[in-house]
Amino acid sequence: MTGTTGTAATSAPTGPARTAGRLGRIGVVTFPGSLDDRDARRAIRIAGGEPVALWHRDKDLHQVDAVVLPGGFSYGDYLRCGAIARFSPVMQTIVEQAKQGMPVLGICNGFQVLCESHLLPGALTRNDHLRFICRDQRLRVENNRTAWTTDYTEGQEITVPLKNGEGGYVADERTLDALEAEGRVVFRYTAGPGTPEEQANPNGSRRDIAGITNEAGNVVGLMPHPEHAVESLTGPTTDGLGFFTSALARLVA
Amino acid sequence: MARVVVDVMLKPEILDPQGQAVQRALPRLGFEGIADVRQGKRFELEVEGPVDAAALRRIHELAETFLANTVIEDFTVRVEEPAVSEEAPA
Amino acid sequence: MARVVVDVMLKPEILDPQGQAVQRALPRLGFEGIADVRQGKRFELEVEGPVDAAALRRIHELAETFLANTVIEDFTVRVEEPAVSEEAPA
Amino acid sequence: MTSQSLDTVEHAERTPGTELPWAELGLKEDEYARIREILGRRPTGAELAMYSVMWSEHCSYKSSKVHLRQFGEKAPTEGPGAEAMLVGIGEQAGVVDVGQGYAVTFKVESHNHPSYVEPYQGAATGIGGIVRDIIAMGARPVAVMDPLRFGAADHPDTRRVLPGVVAGIGGYGNCLGLPNIGGEVVFDACYQGNPLVNALCVGVMKHEDIHLAKAAGTGNKVVLYGARTGGDGIGGASILASETFDAAADGDSGTGRPSKRPAVQVGDPFQEKLLIECTLEAFHAGLVVGIQDLGAAGLSCATSELASNGSGGMRVELDDVPLRDSSLSPEEILMSESQERMCAVVEPGNVERFLEICEKWEVTATVVGEVTDGDRLEIFWHGEKIVDVDPRTVAHEGPVYERPYARPDWQDALQADDPGRLPRPADGKELRAAALALLSSPNQAGKSWITDQYDRYVLGETVLAQPEDSGMIRIDEESGLGVAVATDGNGRYAKLDPYEGARLALAEAYRNVAATGARPLAVTDCLNFGSPEDPAAMWQFAESCRGLADGCRELGTPVTGGNVSLYNQTGEAAIHPTPVVGVLGVIDDVTRRTPMAFADEGHLIYLLGETAEELGGSAWSQVAHDHLGGRPPRVDLERERLLGEILIAASRDGMADAAHDLSDGGLIQALAESCLKGGKGARIVVPDGTDPFVFLFSESQGRALVAIPRSEEVRFTDMCAARGMPAERIGVVDGEELDIQGQFTLPLTELREAHERTLPELFG
Ligand SMILES: Nc1ncnc2c1ncn2[C@@H]1O[C@H](COP(=O)(O)OP(=O)(O)O)[C@@H](O)[C@H]1O
Ligand SMILES: [Mg+2]
């Protein structure tokens with residue numbers, strides 16, 4: 001573990017994290033079309049935190065310490081993924097709090113919502129092959145200093161499920177250059193052992209970007225699904241657990 | 001090079017979940033006074049050579065067999081006039 | 001009731017996989033002479049009341065904040081003229 | 001429609017001579033006469049609309065009913081399957097007890113014709129329809145599966161149909177958040193104009209949550225909720241699926257007959273997701289007396305079935321139905337098949353809370369009627385009565401046909417055309433080529449180009465999904481209780497012998513479930529056949545029903561429900577008879593599941609069961625010779641049951657690390673799949689005195705491969721010996737290639753390339 005940011009514990013416990021005698025509370029937003037909200041709550045529980053269900057129509061975040069925007073199709077997403085969710089009451093508060101440093105993780109649809117809300121730059125477009133794709137995806141951790149990645153090492157490769165139809169990350173060149181320069185590319189698609197390099201990128205994302213962070217490192221969005229890789233029984237690995245233990249460790253510190 | 005635009009819209013009697021989703025969201029965004037929204041596809045084709053009746057006929061055929069699904073969609077084909085995109089007052 | 005049309009297209013510098021898929025299919029369908037295809041969205045809004053400058057301004061704002069994602073898309077707003085859909089010769 | 005032209009009940013009484021378009025609506029002359037007799041007058045336009053859709057083949061099962069009865073009559077009366085049955089045939093879907101207070105409901109249904117007309121939407125709304133059946137039982141849907149059949153893989157129309165169907169199933173299922181855990185993809189020219197799109201859904205509930213569709217309690221309100229009613233799919237599924245489908249008759253064929261092409265329905269999966277949440281919340285709040293989904297025949301079906309199953313009558317105000325298109329006539333409203341609608345019966349005191357829940361999920365909900373103490377279904381429009389019927393005559397007392405059937409005269413010749421005469425690979429080199437040709441043929445190739453378009457992870461309970469032998473879902477996180485489901489059907493076998501074909505489908509699905517370690521419990525089926533008006537197709541249907549009913553009794557797995565799809569025929573050419581069977585099994589602890597992958601070097605590979613030369617209908621005969629003839633493999637359900645017990649015990653006692661059943665493609669297919677899944681090779685020895693070709697390519701039933709750690713070998717072989725199950729050690733997991741010793745070797749890279757490249761090349 002090489003967590004180097006000031007706030008992150010250098011030896012984050014992977015067991016239950018406690019602040020002031022309580023478990024770290026992480027909210028999971030449910031939009032009417034959210035699908036992976038249950039899984040995100042389960043992942044938080046398995047990581048030792050207390051999941052708190054948040055409802056899209058409710059501005060109140062119920063004193064959570066961090067928020068996960070889960071996968072799914074928030075409001076059907078026929079227009080563009082996340083386009084309507086951005087205007088929901090709960091997002092108004094989340095945007096405010098995120099700007100003040102609250103850790104926010106957007107997974108898949110959550111990532112799309114974060115981009116639509118301008119908490120993260122760029123946008124997600126139709127996969128270049130125009131199909132929905134569900135597969136186990138290899139990722140390289142490029143930045144382990146964000147609120148959600150301190151339990152990984154830089155350069156570590158992890159495998160978690162990926163499943164989306166609009167996961168192609170795009171931004172203009174200037175933005176992409178800035179993201180690279182500032183070390184804000186958090187995850188990149190990579191080929192697993194035995195897989196040809198040209199099959200690494202599942203959707204035509206620019207510069208193989210799978211996930212990014214904001215300048216402060218508290219807001220992270222990615223297309224793949226760490227919450228589906230927390231139990232060896234139901235996931236390809238348990239590599240996704242580190243997201244949640246990272247955030248919980250920070251809450252303890 | 002001339003631009004031909006093919007607009008493809010769901011037939012009126014067919015449910016348009018996309019348009020409906022937009023419409024349902026409008027009040028939440030504070031928009032009133034829009035009675036109906038339909039969402040369709042717009043194709044811009046850059047055609048080499050003259051856009052004569054023969055070319056248009058071929059594009060019409062393309063629209064009918066490929067760009068539109070005529071079981072559920074209608075389409076229109078038109079040559080775009082020079083100054084098309086008149087933006088609304090900002 | 002007036003119809004306002006909002007066309008949303010990906011910015012030229014953004015890859016358009018749908019348009020490309022159409023273009024790639026053209027030779028297979030026996031179509032030549034189409035240099036480029038872009039695919040976008042077309043919204044038809046049925047507006048209650050007069051479509052004056054104020055109404056257009058609001059629709060422009062709607063397009064900018066909602067119908068289009070201006071990070072990657074451009075849009076145009078126009079009031080549709082009475083006789084719109086001039087079909088090509090069949 | 002003005003009130004003068006409104007065809008009220010009163011008007012119908014006054015104008016007995018008015019001609020109605022009963023023939024255009026698909027009714028036969030005697031059926032129309034019966035409607036007049038039942039009513040004692042001519043029907044109104046609205047009544048005619050209701051009877052015509054409800055008495056269509058699709059809704060009334062008029063040709064199939066007499067044969068389907070066997071599933072009840074021959075149902076096993078003892079054993080775990082019989083004991084587990086909570087709700088049987090006749091409801092939206094059957095329900096079985098899986099222990100720990102849980103019940104599971106599952107059902108497979110067809111959406112064949114609509115998917116041919118409009119592949120994306122047809123398939124999407126097929127998923128939508130079966131999911132509503134499951135929610136209507138009070139269950140939370142937890143998984144879907146999709147048995148599919150298409151025309152020849154390289155036919156241009158398959159390029160249109162397949163990508164659309166797959167995208168539609170994915171588009172709808174993924175958006176609903178239901179993992180897709182399995183299915184089938186089969187190509188055969190016989191499905192060219194009649195692709196089969198079957199969809200299965202599994203739901204879970206607690207025993208106390210089981211709900212049935214009935215409208216009891218005078219004064220209770222009928223609430224219609226979900227999407228607004230539009231003009232789409234008027235009489236679509238029901239009428240289209242009830243007559244020979246003639247692609248050439250699309251549009252105006254000049255015959256004066258109305259076009260059989262329906263206005264296609266477009267699905268709105270987001271609306272359906274809201275329906276799921278809102279329905280389950282209303283159930284749990286105890287607000288629902290009865291419930292019914294709106295599928296084929298829309299409101300006609302929902303109101304007449306609800307009323308018919310209840311004790312009283314029903315009064316419906318059609319003006320209160322929320323419309324998407326205000327110009328719809330009352331007949332059209334009654335026949336519309338707009339998707340994503342449900343109908344609930346709610347006590348008056350609970351209506352407000354019910355509507356609040358709908359509001360929470362932003363679902364449109366309206367009271368459209370109430371339960372009355374009479375026994376009539378009365379429907380009003382603009383204050384006038386336009387329907388006044390006994391709902392039972394609409395919903396349950398439709399016509400029943402004893403269609404003539406006869407063994408076709410070509411059947412003997414077909415069975416006599418034994419594949420034994422076909423040239424076979426003579427040496428290792430030819431065997432290798434035959435293996436590669438088989439494994440890369442569209443039917444036997446890997447299906448991941450398709451299945452990667454489906455979300456298999458959502459809900460976080462998927463223990464096994466494609467390409468495993470069956471899908472497996474955990475239903476209790478604490479105890480590890482889970483269910484496994486597999487669907488199978490082999491139209492080639494069924495064409496050779498429809499009785500055995502149905503039993504073979506059952507045997508294979510049963511074996512697939514047992515291979516994963518789950519105990520098979522119950523069956524659902526989708527019977528896809530040609531025209532019932534053709535005595536040959538009707539014979540195939542009758543034989544398959546008899547075979548499936550007999551088989552289910554032998555295996556102790558009752559049929560809990562299913563679906564019949566007839567008229568899968570273009571002109572004279574019918575599809576192969578295609579009974580698709582879904583088997584549901586239970587596993588007490590999903591951590592004990594047995595996957596199919598050879599994952600550990602050094603594990604011993606055992607072949608269970610006996611191999612005979614059985615090549616009739618085989619994949620080899622199709623791929624190598626485009627041949628279909630002879631007899632299908634022999635089925636011995638007692639042996640299947642024994643094999644199942646061995647596989648289940650091996651899983652429970654931790655003896656097997658991998659298991660994979662043998663089916664089409666035989667041993668070579670199973671070996672290749674287990675090697676590729678685990679990324680490990682295998683060294684295989686052809687047993688002495690065995691013909692290597694038969695060993696590798698025969699499709700004898702009742703067989704499976706298992707991989708056993710050396711430490712378990714004795715225990716495992718002792719168990720097999722004690723139970724009389726032939727178990728032969730044929731090799732070991734090892735290396736980077738599939739090595740059939742003395743014959744040929746196939747490096748995994750070459751094998752993978754051959755197996756996985758086919759579908760992307762065809763459709764990518
Ligand atoms: N349309 C489909 N949707 C989902 N899974 C599928 C589909 N077609 C095939 N599969 C899966 O691929 C695997 C191999 O299929 P198949 O060869 O038919 O299995 P089997 O021979 O064991 O019945 C199975 O796990 C099956 O569930
Ligand atoms: Mg199998």
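So you know, we letter chains A, B, ... as the sequences are listed, proteins then strands, and number each from 1. We use all heavy atoms of the structure for the numbers below, so side chains are in, but hydrogens, waters and symmetry mates are not.
- Summarising the geometry of A:Leu233 relative to D:Arg474, their closest heavy-atom pair is CD2-NH1, 3.8 Å, with the distance given to 0.1 Å.
- Taking all atoms of both residues into account, the shortest heavy-atom contact from A:Asp36 to D:Leu459 is OD1-N, 4.5 Å.
- Contacts of D:Thr462 with chain A are made by backbone atoms alone, with heavy-atom separations under 4.5 Å and no side-chain atom involved.
- Summarising the geometry of A:Pro236 relative to D:Tyr457, their closest heavy-atom pair is CD-OH, 3.7 Å, with the distance given to 0.1 Å.
- Sparse packing is recorded around CD of D:Glu736, with 12 or fewer heavy atoms of other residues, nucleotides or ligands lying under 6.0 Å away.
- A:Tyr78 places a side-chain heavy atom less than 4.5 Å from the side chain of D:Phe270.
- Contacts of D:Val166 with chain A are absent, with no heavy-atom separation under 4.5 Å from either backbone or side chain.
- Residue D:Pro269 touches chain A through both its backbone and its side chain, counting heavy-atom pairs closer than 4.5 Å.
- For chain A, the nearby parts of D:Glu461 are the backbone and the side chain; heavy atoms of each come within less than 4.5 Å.
- One finds a salt bridge joining D:Glu359 and A:Arg57 here, because a Lys/Arg side-chain nitrogen approaches an Asp/Glu carboxylate oxygen to under 4.0 Å.
- With respect to chain D, the highest number of heavy-atom pairs below 4.5 Å among A:Asp77, A:Asn164, A:Thr234, A:Asp37 belongs to A:Thr234.
- If you take CD on D:Glu477 and CZ on A:Arg45, they are separated by 5.0 Å, rounding to the nearest 0.5 Å.
- When all heavy atoms of D:Asp455 and A:Lys163 are compared, the pair lying nearest together is OD2-NZ, 2.7 Å.
- Interface with chain D: from residues 129-138 of chain A, residues A:Arg131, A:Phe132, A:Ile133, A:Cys134, A:Arg135, A:Asp136 qualify, criterion being any non-hydrogen pair under 4.5 Å.
- For D:Leu176, the part lying near chain A is the backbone, with the side chain staying farther off; criterion is any non-hydrogen pair under 4.5 Å.
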